[in-house]
Amino acid sequence: MRVAAFRVWVPAVVLALVACSGGAGSAQASLMAADQSFSSRSAKQGFAVAFAAVAADSVVFLPERGSALKGKASVEEALATVPAGTQFSWTPQQAEAEGSGGYTWGVYELNGSNAAGQPTLAYGNYLAVWKKQSGGWRLRAMMLNQTPGPSG
């Protein structure tokens, strides 16, 4: 009798564990896709447009060597001062998601020009914090950390 119960319980537990881990994997995959889409849109349409599409109203943006910008309107106001032609894109390296929250991190590249119009190129790492809401993932916070080169 105990062997029969064991034969029923073990497969049930294994199936439950697989189902749970599949859900986490699915959440991570959807978060990674959201971040990749965000970067692609930034490269094609500009960071301000991409940011407006995914940021939560209470987002916090922590730029390199700058003060924290709190709230979507504050970030959008700051982004309006970025010189035309500046391109900001990134490559997510990892996504972690659990429940309705998660984060992504990776490496970025920023191509633009300085105040004198000379071309500039910067590399760095980023960390983005996300929250899943109806309609998809929303950016809650993003932090940039400049590095000496493309390898981070």
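Every heavy atom of this structure was used, including side-chain atoms; hydrogens, water molecules and symmetry mates were not. For clarity, every value in this text was computed on a predicted model and none was experimentally measured.
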Any idea which heavy atoms bring [X] and [Y] closest together, and the distance?
X      : Y      : answer
Pro63  : Phe61  : CD-O, 3.2 Å
Leu31  : Ala97  : CD2-CB, 4.1 Å
Leu139 : Ala128 : CD1-CB, 3.7 Å
Gln93  : Thr91  : NE2-O, 3.2 Å
Ser113 : Thr120 : N-OG1, 3.5 Å
Leu69  : Ala78  : CD1-CB, 3.7 Å

For this session: Taking ring-ring contact (aromatic ring centres under 6.0 Å, His included) as the test, write out the residues that go with Phe88, two or more places apart.
Result: Phe47, Trp90, Tyr108
For this session: Show which residues join Val129 in its hydrophobic cluster (side-chain heavy-atom contacts under 4.5 Å, direct or indirect), or state none.
Result: none
For this session: State, yes or no, whether a side-chain contact exists between Thr104 and Phe38 at a heavy-atom distance under 4.5 Å.
Result: no
Problem set entry | Contacts of type side-chain contact (heavy atoms from CB on, under 4.5 Å), residue Ala48, not counting sequence neighbours | Leu79
Exercise. Partners of Glu98 by side-chain contact (heavy atoms from CB on, under 4.5 Å), sequence neighbours excluded?
Worked result: none
For this session: Quick one: list whatever passes side chain to side chain donor-acceptor pair (under 3.5 Å) with Glu96, sequence neighbours left out.
Result: Gln28, Gln94
Exercise. Between the side chain of Lys72 and the main-chain N/O of Ala52, is any donor-acceptor distance below 3.5 Å?
Worked result: yes
For this session: Mark yes or no for whether Glu109, through its side chain, and Ser89, through its backbone, hold a donor-acceptor pair below 3.5 Å.
Result: no
For this session: Sort and list the pairs that fulfil side-chain hydrogen bond (donor to acceptor under 3.5 Å, both in side chains) and have at least one residue in residues 133-143, not counting sequence neighbours.
Result: Ser30-Trp137, Ser58-Arg140
